[in-house]
Amino acid sequence: MYQKGVKHLCDNYGVTQVPNKYILPEPERPHDLDTTNGCIDLPVIDFAQLQGADRPQVLASLSKACQEFGFFQLINHGVDNEAIGKMIHVSKSFFELPFEERRRYMSPDLYAPVRCGTSFNQNKDGVFCWRDFLKLSCHPIQDFASFWPSSPLELREAVGEYSTRTRHLYKSVMEAILETLEVTNEKAIMEEGNQLMMVNYYPACPQPQLTLGLPPHSDYGLLTLLLQDQVEGLQIQHNHKWFTVKPIPNSFVVNIGDQFEIFSNGRYKSVVHRVAVNSMSSRLSVASLHSLSVNRNVTPYPKLINDSNPRLYQDTNFADFLNYLSSSDFKCKRFLESRKLQY
Ligand code: OGA
Ligand code: NI
């Protein structure tokens, strides 16, 4: 029953209590959920300013944000409002489809171009998360669009439009981030690579203090552009404490992933985050995950290695990451930790 997801559970069993399968051990629960001072003001980067005369100052703020928080909010990003609206609309409509329709996309194959499922790492999670997801491979579009769900009707067009625009934005933001590190000519990071659209759906939860929408994790790739609705839920770890990220209308939350922490030899941080759920409303988010191509190794950029900054990580690639997800390391260690060099 739990493999069918939280939406199915809520729709069919009228849950007034969280089933045991979702109840976290006491220390892993989101304790500070109700504190009023639990919010964090993430650095705000104005994309329009980045394109203008103020670029040097904005680059300095960007660099500081990537080092201290690993996260920032991106405003005036230029992605068309209508494309965003349609993406959210088709995402919601997808999760409203009858279970039988969504089931067609459920697959245990981590490489499947379209995958619908529940929890975090469904086959390994001891305790399940209060989250259903739809994952779509998006780049290059012509290789994948025919796999995307044909229902709801407008889904393919909306995902095509939205993924193209976010990829474009990714390139501009990444270009700026590379500029802060004085890195040039990184074709693998700028031109090639993967784009995955992860649509997360978190139904309202009767006992949000007992469970999580996503457990503490960092994102595997280079950079994530997250579209969240106006419902709070995303929390990031900063100075060993959890803080809620306050949604800013018409913005993206952008964060550095493991691959970029490795590439920057630890200068820019892939920060641990999680998602809390709430009893009042469901929550939807769309994460555009940008990473290197599946077979490409990520390695620390040579110029960022020197006597005072020795090399921190061994080379790694996507296959290593998937092996890690299926291994027993998954429970006890972050992927990034498993790639650290021991001196
Ligand atoms: C993710 C993620 C955060 C959110 O998909 O990796 O961290 O707010 N999502 O849904
Ligand atoms: Ni994440």
Side-chain angles (χ1 to χ4, degrees), residues 5-7 30 33 38-40 42 66 69-74 84 87-88 91-92 94-95 110 115-122 125 128-138 159 162-163 166 170 194-205 208 211-238 242-249 251-261 268-278 281-291 318 321-322 324-325 330 334-336:
V6 223
K7 177 78 169 60
L33 200 64
C39 283
I40 196 164
L42 283 183
C66 295
F69 295 88
F71 268 84
F72 54 90
Q73 306 244 31
L74 190 67
I84 292 179
M87 183 66 213
I88 292 180
S91 299
K92 285 191 173 147
F94 179 82
F95 288 101
L110 297 179
R115 237 185 112 220
C116 170
T118 192
S119 197
F120 180 56
N121 185 1
Q122 206 170 316
D125 293 334
F128 268 32
C129 301
W130 203 260
R131 168 228 194 199
D132 292 341
F133 67 87
L134 170 68
K135 191 184 88 173
L136 305 168
S137 292
C138 290
V159 173
Y162 181 76
S163 59
T166 44
Y170 158 77
N194 250 315
Q195 180 181 18
L196 287 176
M197 209 56 78
M198 184 69 91
V199 183
N200 299 301
Y201 181 75
Y202 310 97
C205 173
T211 188
L212 282 169
L214 276 177
H217 70 281
S218 57
D219 294 349
Y220 159 72
L222 294 162
L223 202 69
T224 303
L225 307 183
L226 180 81
L227 181 67
Q228 54 171 343
D229 58 18
Q230 293 310 298
V231 182
E232 281 176 15
L234 175 62
Q235 302 185 331
I236 73 165
Q237 210 170 50
H238 186 65
W242 288 105
F243 295 93
T244 296
V245 176
K246 267 242 179 288
I248 300 182
S251 69
F252 285 102
V253 175
V254 181
N255 65 287
I256 299 287
D258 294 352
Q259 286 185 339
F260 204 82
E261 175 162 337
Y268 289 172
K269 302 291 184 301
S270 174
V271 164
V272 173
H273 51 285
R274 69 183 187 187
V275 175
V277 289
N278 76 85
S281 58
S282 62
R283 177 169 181 271
L284 184 93
S285 71
V286 182
S288 183
L289 304 160
H290 301 263
S291 60
F318 191 68
F321 177 66
L322 292 186
Y324 152 85
L325 279 185
F330 168 69
R334 270 176 82 193
F335 175 66
L336 202 53

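As the structure lists them, so they are numbered: ligands from 1, and atoms in each ligand from 1. Since this is a predicted model, take the numbers as computed values, not measurements. All heavy atoms count here, side chains included; hydrogens, waters and symmetry mates do not.
Using a 4.0 angstrom heavy-atom cutoff, Tyr202 counts as in contact with ligand 1. Not close to ligand 1: Arg131, with no non-hydrogen atom less than 4.0 angstrom away. Heavy atoms of His273 approach ligand 1 to within less than 4.0 angstrom.
The distance from ligand 1 to the heavy atoms of Val275 drops below 4.0 Å at these ligand atoms: 3 (C), 4 (C), 8 (O), 10 (O). Here is the list of ligand 1 atoms found below 4.0 Å of a heavy atom in Leu234: 3 (C), 8 (O).
Ring geometry, Phe252 versus Tyr162: the interplanar angle falls from 30° to 60°, so the pair is classed tilted. Between Tyr220 and Phe321, the ring planes lie parallel to each other; the angle is under 30°, not in the 30° to 60° tilted range.
In terms of distance to the Ni ion (ligand 2), the nearest N, O or S atom of Asp219 is named OD1. Take the N/O/S atoms of His273: the one nearest the Ni ion (ligand 2) is NE2.
One finds the CG atom of Asp219 at 3.5 Å from the OG1 atom of Thr224 (value rounded to the nearest 0.5 Å).
Donor-acceptor pairing under 3.5 Å is lacking for the side chains of Glu261 and Ser218. A donor-acceptor pair shorter than 3.5 Å cannot be found between the side chains of Gln237 and Arg274.
The only option from Val6, Thr118, Leu284, Leu134 that meets the side chain to side chain contact (heavy atoms under 4.5 Å, CB included) definition with Tyr201 turns out to be Leu284. Applying the side chain to side chain donor-acceptor pair (under 3.5 Å) test between Gln195 and each of Ser137, Ser288, Ser163 identifies Ser288 as the sole match. No option in Lys135, Gln228, Arg283, Arg131 other than Arg131 meets the side chain to side chain contact (heavy atoms under 4.5 Å, CB included) test with Asn200.
The part of Leu214 lying near ligand 1 is the side chain, judged by heavy-atom distances below 4.0 Å. The part of Asp219 lying near ligand 1 is the side chain, judged by heavy-atom distances below 4.0 Å.
Of the protein's non-hydrogen atoms, the one nearest atom 5 (O) of ligand 1 is Asn200 ND2, 3.1 Å.
An N or O contact shorter than 3.5 Å links Arg283 to ligand 1 by distance. An N or O contact shorter than 3.5 Å links Ser285 to ligand 1 by distance.
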